[in-house]
Structures are given as structure tokens and as C-alpha cells.
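By convention in this document, chain letters (A, B, ...) are assigned in the order of the sequence lines, proteins followed by strands, and residues within each chain are numbered from 1. Atom set for the values below is all heavy atoms of this structure, side chains included, hydrogens, waters and symmetry mates excluded.
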Protein chains: 4
Amino acid sequence: MDCSFNMKPRWERRKDARPQELLAAALDLFVERGFASTRLEDVAKRAGVSKGTLYLYFTNKEELFKAVVRNSVVPAIDAAEEDIAGFSGHSAELLRRVVHGWWDRMGKTNASGIIKLVMAEAGNFPDLAKFYQEEVIVRGTRAMATMLDRAVARGEFRPIDINVMTQVLVAPVLMLMTWKHSVGPCAHDQLDPTAFIDAFLDMALNGLLPPPAVQP
Amino acid sequence: MDCSFNMKPRWERRKDARPQELLAAALDLFVERGFASTRLEDVAKRAGVSKGTLYLYFTNKEELFKAVVRNSVVPAIDAAEEDIAGFSGHSAELLRRVVHGWWDRMGKTNASGIIKLVMAEAGNFPDLAKFYQEEVIVRGTRAMATMLDRAVARGEFRPIDINVMTQVLVAPVLMLMTWKHSVGPCAHDQLDPTAFIDAFLDMALNGLLPPPAVQP
Amino acid sequence: MDCSFNMKPRWERRKDARPQELLAAALDLFVERGFASTRLEDVAKRAGVSKGTLYLYFTNKEELFKAVVRNSVVPAIDAAEEDIAGFSGHSAELLRRVVHGWWDRMGKTNASGIIKLVMAEAGNFPDLAKFYQEEVIVRGTRAMATMLDRAVARGEFRPIDINVMTQVLVAPVLMLMTWKHSVGPCAHDQLDPTAFIDAFLDMALNGLLPPPAVQP
Amino acid sequence: MDCSFNMKPRWERRKDARPQELLAAALDLFVERGFASTRLEDVAKRAGVSKGTLYLYFTNKEELFKAVVRNSVVPAIDAAEEDIAGFSGHSAELLRRVVHGWWDRMGKTNASGIIKLVMAEAGNFPDLAKFYQEEVIVRGTRAMATMLDRAVARGEFRPIDINVMTQVLVAPVLMLMTWKHSVGPCAHDQLDPTAFIDAFLDMALNGLLPPPAVQP
DNA sequence: AATGAATGAGTATTCATTCAT
DNA sequence: TATGAATGAATACTCATTCAT
């Protein structure tokens with residue numbers, strides 16, 4: 001008995017899936033090895049196609065990388081922007097929600113390894129650095145700043161220098177992402193991401209909330 | 001009578017100065033390009049010698065890198081350990097002093113770019129990762145943990161999970177160092193390191209100091 | 001209409017023929033220059049391909065060498081073993097046949113130059129020495145010893161120390177091969193290989209055959 | 001108490017010994033590694049001097065090699081020529097004496113490894129090949145031919161083609177020398193040089209002596 | 001669409017030789 | 001004499017990209 005009667009032939013079934021398979025393979029390898037050290041042949045092999053096929057979908061290595069970023073990092077930014085725009089509660093809760101959402105949507109996936117690679121290879125590939133700067137960093141920073149603006153405006157956070165505090169709040173999360181994909185795996189004491197985030201949020205909110213009003 | 005016609009010799013014999021010149025050149029290039037992408041020929045050229053000369057002083061690329069780390073990063077760790085061991089005041093002041101010292105001794109120099117490179121290329125060069133882990137990360141983490149221990153023991157910081165908080169406190173400084181040598185230079189709004197550190201310390205100390213005792 | 005203007009393509013796709021062309025080129029150059037001094041780029045050039053192409057077929061220089069040996073020397077050993085196993089006449093005739101066969105199949109080709117290279121570079125490339133020892137020397141020696149065993153057992157040669165005589169009989173042929181590819185070409189009196197082999201066989205058989213039975 | 005009172009200072013004591021020490025070191029390394037692969041720095045180190053010193057005594061690598069040959073190989077040729085010229089007994093005895101003398105004076109020393117190296121690297125260093133051809137091969141061959149001439153002229157050997165038989169008789173000894181410095185050391189069954197030479201002489205003389213006169 | 005053979009620029013490392021001291 | 005620091009040409013191997021099939 002032939003069970004394959006309604007199976008589409010392999011090439012057709014896969015036609016639309018190809019780019020996604022390549023992007024997934026590329027993300028994994030870029031994060032593991034970095035941009036320059038990732039061999040396109042390995043990307044193709046991991047996606048189950050030949051080197052030539054990769055070039056049918058992506059003009060060159062840089063374009064492949066940009067597609068990976070658009071596919072895995074940018075959506076997380078979109079989501080964060082929506083979170084912030086649609087939220088109406090207390091800003092402390094919003095900060096918690098944004099940071100946790102960021103970690104859940106990006107940190108836990110391999111997408112969190114991209115930032116490490118960008119930071120390390122920005123100097124060698126200025127085009128990629130510029131692209132990432134514009135598509136990710138500027139937008140991400142703006143979202144965080146918007147959130148702090150709101151918090152201060154509503155009197156929910158102490159008055160602070162928004163621009164600087166944006167960086168301060170973003171730093172630990174970026175570091176956690178970077179850590180996870182670099183020395184983390186070979187560190188002696190493993191770092192628990194959730195504990196890290198909670199401790200950080202705890203400290204930050206302690207430090208940001210206005211002092212309790214003094215009772216007369 | 002001077003017959004020398006102001007001719008420069010083909011090369012100059014400078015045995016003692018060479019290693020430092022080479023280490024300085026190597027640090028600059030490693031930080032700018034990363035480990036794998038730095039060409040030893042460029043290191044030599046920047047130090048004003050030929051490729052072969054470099055090999056008179058360093059066995060190979062990995063040993064050159066280790067020498068760079070020992071020369072530029074390890075001394076900063078030494079200094080931090082001494083700071084902590086010899087301090088007798090309030091822990092808030094100690095934290096401030098350590099973080100500022102760290103930035104002044106390392107952050108402001110190119111040595112701060114090393115961490116970026118290690119994080120990015122640890123996977124590709126396991127020997128280097130192990131070396132850095134042992135010589136720098138373990139010692140640095142231990143120093144910070146020691147400081148927090150002291151702070152909590154003296155009742156100067158709230159009770160906290162030392163290990164996690166160590167990471168949380170270290171993260172922003174590492175990030176600042178990384179940032180400075182990667183996307184920082186091409187970012188639209190420049191980040192002021194001192195403002196960043198002050199804001200971070202302010203927030204952290206607000207978050208870490210024990211609540212003021214309530215007056216009866 | 002022919003628009004091709006007789007343009008040659010940048011390269012030709014010849015997957016099946018390539019390895020043999022590369023092996024032939026490699027044999028020639030290895031014999032001419034030795035293992036260490038043969039440049040893979042020259043091998044590729046002689047085979048009409050680029051350096052990179054060579055690496056599509058052979059992992060590295062050592063594997064290329066092994067492939068050359070398997071391709072040009074080992075078959076001659078196989079043939080000699082078969083000659084000996086299938087022969088049923090007088091051992092003097094067998095010795096003649098084996099030595100002549102050896103010369104015809106190997107000596108006359110460039111394969112005879114391999115032994116020179118192995119002897120000279122064994123110390124520098126222990127892996128190659130081991131490989132050659134196992135694949136060629138052991139088998140070749142065993143074949144010659146088998147032949148002498150048979151000869152003595154059948155009373156066709158005088159009783160002799162098989163192991164030592166094996167070496168003694170092999171030596172002149174190896175030397176002839178070595179000679180041909182080294183100082184031979186620049187010697188003043190050219191050496192005629194056939195005359196050499198005949199003189200050697202003549203002398204050897206005179207020395208090996210048992211004394212004629214004395215008439216009573 | 002100073003016991004060194006009649007010791008010459010080191011530099012003076014060694015002054016004349018230097019070239020000999022360098023030649024000895026060079027012989028060892030050339031034989032072990034070959035001409036191209038021998039590093040002059042290693043030669044100098046083994047002789048206990050610096051690289052620069054070597055150049056005070058020998059213009060370059062090729063001249064060093066020639067000096068080695070003149071120092072270690074040529075004297076053996078001289079001795080063989082004298083042996084032959086001064087001998088008055090039976091030619092079988094002379095052949096034995098020459099072969100054994102050759103082995104004792106050269107074969108047992110590292111000088112026997114030179115021939116291996118010449119054969120292997122003749123193609124890459126034509127000047128060296130030419131030098132060796134003229135200084136060693138031509139003279140050695142002439143000596144052996146002289147001996148055979150004498151043997152046949154005196155009716156002590158059967159009539160033979162002198163030129164060819166010269167090569168045939170020389171071949172096993174050359175091979176033994178080559179073997180000793182190449183695959184010999186890593187061969188499974190060690191080859192006993194004396195047994196080899198005896199077996200070879202035995203076979204050769206059996207094959208060369210005239211048939212015993214038939215009794216009427 | 002898909003393949004994979006072919007290309008060739010790029011780089012760490014070695015070593016004979018030179019020469020200032 | 002003697003040293004050893006400095007040089008730079010030389011070579012195995014890699015990999016992004018192209019293109020005939």
C-alpha cells in the first residue's frame with residue numbers, strides 16, 4: 001500500500017519553507033561562531049541544501065545576516081513597542097512586563113546571541129553595524145525611553161535623566177543575553193537568567209520608585 | 001668627520017622596548033578587529049617592525065593575546081583586589097570606589113575592549129576562553145562577591161543573594177566597556193561613561209541600602 | 001547561429017577525470033622535488049586546475065601522497081603477489097619474471113621514484129613512513145621471502161638465510177629505481193637499466209643455484 | 001684552591017675546534033632531516049654557537065654541506081683508492097676488503113646518510129648534485145671499476161661487463177647505507193648490516209668467480 | 001529551482017641570511 | 001670573533017562567490 005498518495009513531492013512541499021530553514025540554520029551558526037567565522041557551506045548543510053541554493057535566496061553573506069535579524073530580532077522590538085503603547089497600568093508593572101517579555105521573546109531564543117556578534121564585529125563590517133543600529137538599537141532605545149518618560153510624567157518613577165537611565169536599564173539585559181551565548185556555557189557557576197532578571201528588577205525598582213511620602 | 005649622511009639603519013635594535021610596543025599594537029588591533037580578524041602582519045606594521053620580529057617575542061597568535069591580557073587586564077584586577085582588601089569605610093563608598101577605579105584603570109583604556117572580543121570569540125577559541133575565564137573572570141567575580149559579603153555582613157546593604165547580585169552589578173560596567181568599543185562610536189547619541197556610571201551607582205545604591213530606620 | 005565565438009569556459013567540469021589528472025601531476029612532482037618541497041599549487045597547475053580544486057579531492061598534502069602511492073605503487077605489489085602465487089615453473093625463472101615484472105610495471109614509470117622520497121623524508125613525516133612501511137615494504141618483502149622459501153623448499157636454490165637474502169636481492173632493484181630519479185640523469189655514463197638487471201640476475205642466479213651434482 | 005690554572009680560556013681552547021664542531025653538528029642534522037629541512041639555527045645550537053657564528057666559517061648552507069661532504073665522505077674514498085692501489089693478493093679478498101672497509105669507515109658513521117640525502121634532493125639543488133657527482137660518485141665508481149678490471153685481467157673473476165657490474169656491486173652497499181638512515185629504524189625486522197654484507201659478498205663471489213676447472 | 005565543481009584571494013608561520021653591536 | 005635581533009620571501013590551507021549543468 002502506498003501511503004504517500006497525498007504527499008507533495010519534496011521540492012514542492014519545501015518550496016516556501018526553504019528561506020525559513022536557511023534563516024534558522026544561519027541564526028544558529030552566526031550565534032555560535034560569529035559572522036566572519038560562519039561558513040555558508042555549513043549554513044546550507046544544516047538547512048539540508050547545497051551551497052548554491054543559498055545564493056538563490058540571499059544575494060550574499062551580509063544580506064543573509066540582515067534577513068536573519070529582520071526575522072528574529074526585529075519582531076521582538078515590534079512586540080515591545082506594542083506592549084508599551086497599549087499599556088495603561090503602573091509603570092513599575094510595565095517595566096517588569098517589558099523586561100520579561102523581552103527575555104521571553106528574544107532572550108530565551110538564539111536571537112539573543114545576535115547582539116554579541118554585532119558588538120564584536122561592528123568594526124569589521126560597518127554596513128552591518130549601521131543596519132543593526134538603525135533597525136534595532138535606535139528603535140529599542142526609543143521604546144525604553146518612551147516608557148521612562150511615561151513613568152516620570154505620571155510620577156511613578158523619581159525624576160531621572162531619561163537618556164542615561166535608558167542605557168543603564170538596558171545594559172544588564174543585553175549583558176545577560178551576551179553572557180548566555182559566550183562565557184556562560186563554560187562558566188563555573190551557572191547563571192540563572194530568571195533569578196538575574198528578578199534581582200535586577202528588584203534593585204532597579206527599589207532605586208527608581210519615589211521615596212514614600214513621609215507621614216506628618 | 002661625519003660620513004653617515006643621515007642614513008637610517010635598515011632597522012634598529014631595541015630588544016627591551018619591542019615587547020611593549022608589540023603588545024600595545026596588538027591590544028589596539030585585537031580590540032578594533034577581534035582575535036581571528038586581526039592580521040599579525042598589521043600588528044607588526046603598527047609596532048614598526050616586520051612580521052618575523054613579532055615571532056621573536058611571541059610564539060604565536062594565542063600567546064600574543066594572552067600576553068596582551070596579562071599586560072593590560074590582569075593588573076586592573078590586581079588593583080581592584082587591593083582596593084577591597086585595604087578599605088575600611090562604608091560599603092557604599094567602597095562600591096563607588098571600586099567601580100570608578102575599574103573604569104579609570106581599564107574602562108578608559110583600550111583594555112576595556114578585550115572583554116567584547118572574548119565574549120564573541122570564546123566559542124571559536126576555547127583555549128583563550130578558558131584562559132580568560134581563569135585569569136580574569138573568576139578573580140573579578142570573586143572580588144565583587146567579597147565586597148558584597150562585607151557590605152551585607154556589616155549591615156550596610158540589605159540582605160541579598162550575593163552571587164546573583166554580583167552579576168547584576170557587574171553587568172552594566174561590562175556593557176559600558178563593550179558598548180564603547182562596538183556600536184558606541186557609531187551611535188547617534190553618544191553615551192557619556194561618567195554619567196552612565198553615576199546613574200547606575202545612584203540607582204544601585206538606592207536599591208541596595210537598607211530602608212531608613214523608622215522613628216518611633 | 002553560433003554565438004559562442006569559440007570562447008572557452010572559465011573552467012570545465014570534469015569530476016571523474018580530475019582525481020587521476022591530479023594524481024599523475026602529484027606523482028611527477030613528488031618524484032622530482034620530494035614531499036616537503038613540492039608545492040601543491042604546482043601540482044594543481046600541472047593538472048590544469050586551481051589550488052582550491054585540489055582540495056576538493058584530497059583533504060591535505062599527506063592524503064594526496066597516500067593516494068598517489070595507492071594509485072601507482074600498490075598495484076605493482078598486487079601484481080607481483082599474483083605472479084608468485086600463480087607460478088609453477090622453476091624458481092630461477094620465477095625470480096627473473098618477478099624482477100622484470102617489477103621493473104616493467106614500476107621501474108619504468110615515475111612510481112619508481114616514490115621509494116627515494118620515502119627513504120629521504122621518512123624522518124620528517126613519520127605518518128607517511130608508517131603508511132609506506134605497512135602498505136608497501138612489508139608486503140613487498142613478504143612476497144620476495146615467499147619466493148625464496150619456495151625456491152629453497154624445492155631444492156632449486158641453495159639453502160640460504162631467507163630474511164637476509166631477501167634484502168640483498170631487493171637492494172639492487174631499489175637502488176636502480178632510486179638512481180634513475182636522482183643522480184642518474186646527471187651522471188656521465190648513463191646506466192642502462194636492462195643491462196643492470198640482467199647482470200644482477202645473472203650474478204645472483206650464479207650465486208644462488210645449487211652446485212651441479214658431481215658425476216660418480 | 002683554583003684547579004683551572006692550566007686550563008685555557010674557553011674561547012681560545014675552542015677556536016680551532018669550532019669548524020669541526022659545526023661540521024659534526026651539520027652532518028648529524030643533514031642526515032636526520034635532509035638538506036632543505038635542516039635549520040641552520042639548529043646546527044649552530046647543537047655546536048654550541050650562535051647562528052651568526054656559523055656564517056663566519058661557512059658562506060651559506062650549500063657551502064656548509066660541501067664542507068661536510070669533504071670532511072666525512074671524501075676521506076673514505078681516498079682510503080678505498082689506497083687500499084686498491086696497494087693490494088697484491090687475490091681479487092676476491094680485495095673485494096671483501098674494500099666492501100668491509102667501506103662499511104667500517106663510512107657505513108658505520110653518520111657519513112653513510114649523506115648519500116640518501118643527495119639522492120633525494122639532487123633535483124632541488126643541482127649544484128650540490130654536481131658537486132657530489134664529481135667529488136664522490138665518479139671517484140668511487142672509478143675505484144670499483146679499477147678493481148674489477150684487475151680481477152678480470154688476472155683471471156680471478158669471470159669475464160664481465162665492468163661498467164655494469166660496478167653498479168651492481170655498489171648498489172647493495174649504497175642501499176644498506178640508505179636503509180640504515182631511513183626506514184631501517186622503524187622497520188619491523190631489524191636488518192643486521194654485517195649479515196647483509198656477508199650474504200651479499202657470498203652471493204656475489206659465488207656468481208663472479210670463474211667455474212672450477214673440470215678435471216679430465 | 002537546485003546542484004556542486006571550480007576559482008583565487010587571504011593569512012599564520014618558518015627560516016636563510018644580514019648586520020649593528 | 002661572536003652575537004642575536006631583524007628581515008621578508010615562501011607555502012599549506014580556507015571559504016565566499018560564480019556558473020555550467
TODO: Give, ordered by number, those residues of residues 27-40 of chain C having at least one heavy-atom distance below 4.0 Å to an atom of DNA chain F; if nothing qualifies, reply none.
DONE: C:Thr38, C:Arg39, C:Leu40
TODO: Please examine the side chains of D:Asn110 and D:His181, heavy atoms only from C-beta on, and report whether any two atoms are closer than 4.5 Å.
DONE: yes
Task: Sole residue of B:Asp42, B:Asp28, B:Thr38 in side-chain hydrogen bond (donor to acceptor under 3.5 Å, both in side chains) with B:Arg33 - done: B:Asp42
Open item on the list: Do D:Gln20 and D:Asn71 have side chains that approach each other closer than 4.5 Å (heavy atoms only, starting at C-beta)?
Closed with: yes
TODO: Check DNA chain E against residues 60-67 of chain D and give the residues with a non-hydrogen atom under 4.0 Å, in numerical order.
DONE: D:Asn60, D:Lys61
Task: Rounded distance in Å - CG (A:Leu54) to P (F:dA16) - done: 10 Å
Open item on the list: A side-chain contact here means heavy atoms from C-beta on lying under 4.5 Å apart; do A:Phe131 and A:Asp127 qualify?
Closed with: no
Task: Base of E:dG10 paired with side chain of C:Lys51 (donor-acceptor, under 3.5 Å) - done: yes
Open item on the list: Please tell me if B:Tyr57 has a side-chain N or O lying less than 4.0 Å from either OP1 or OP2 of F:dA5.
Closed with: no
Open item on the list: Tell me the interatomic distance from C:Arg18, atom CZ, to E:dG4, atom P, rounded to whole angstroms.
Closed with: 17 Å
TODO: Give the rounded distance in Å between these two atoms: CD of D:Glu41 and C1' of E:dT18.
DONE: 14 Å
Task: d(OH, A:Tyr55; P, F:dC19) in whole Å - done: 12 Å
- [ ] Look at B:Thr53 and F:dA5 and indicate whether a side-chain polar atom (N or O) is within less than 4.0 Å of OP1 or OP2.
- [x] no
Open item on the list: Both C:Gly52 and A:Leu56 contact DNA chain E. Which one's nearest nucleotide lies toward the 5' end?
Closed with: A:Leu56
Task: Whole-Å distance separating the CG atom of C:Leu128 from the P atom of F:dA12 - done: 14 Å
Task: Between E:dT3 (P) and A:Lys45 (NZ): distance, integer Å - done: 14 Å
Task: Check: D:Ser182 main-chain N/O paired with D:Lys116 side-chain donor or acceptor under 3.5 Å - done: no
TODO: Answer whether the closest heavy-atom distance between the side chains of A:Glu21 and A:Tyr57 falls below 4.5 Å.
DONE: no
- [ ] Compute the bend angle of the helix from E:dA2-F:dT21 to E:dT21-F:dA2 from the end axes (five pairs per end), rounded to 10°.
- [x] 10°
- [ ] Kindly compute the distance separating OG (B:Ser37) from CZ (A:Phe35), expressed to the nearest 0.5 Å.
- [x] 10.5 Å
Open item on the list: Nearest 0.5 angstrom please: A:Lys66 NZ to A:Glu135 CD, how far?
Closed with: 9.0 Å
Open item on the list: With heavy-atom distances below 4.5 Å as the criterion, would you say the side chains of A:Glu41 and A:Leu54 are in contact?
Closed with: no
TODO: Establish, with yes or no, whether the OP1 or OP2 oxygen of F:dT7 is under 4.0 angstrom from a side-chain nitrogen or oxygen of B:Ser50.
DONE: yes
Open item on the list: Whole angstroms only, please: what is the CZ-P distance between B:Phe58 and E:dA12?
Closed with: 16 Å
- [ ] Calculate the interatomic distance between A:Asn124 atom CG and E:dG10 atom P; express it in whole Å.
- [x] 15 Å
- [ ] Determine, for D:Lys130 against D:Glu134, whether the closest basic-nitrogen to carboxylate-oxygen distance falls under 4.0 angstrom.
- [x] yes
Open item on the list: Counting C-beta onward and ignoring hydrogens, is there a side-chain heavy-atom pair between B:Glu121 and B:Phe30 closer than 4.5 Å?
Closed with: no
Task: Within-4.5 Å side-chain heavy-atom neighbours: C:Asn60 and C:Leu40 - done: no
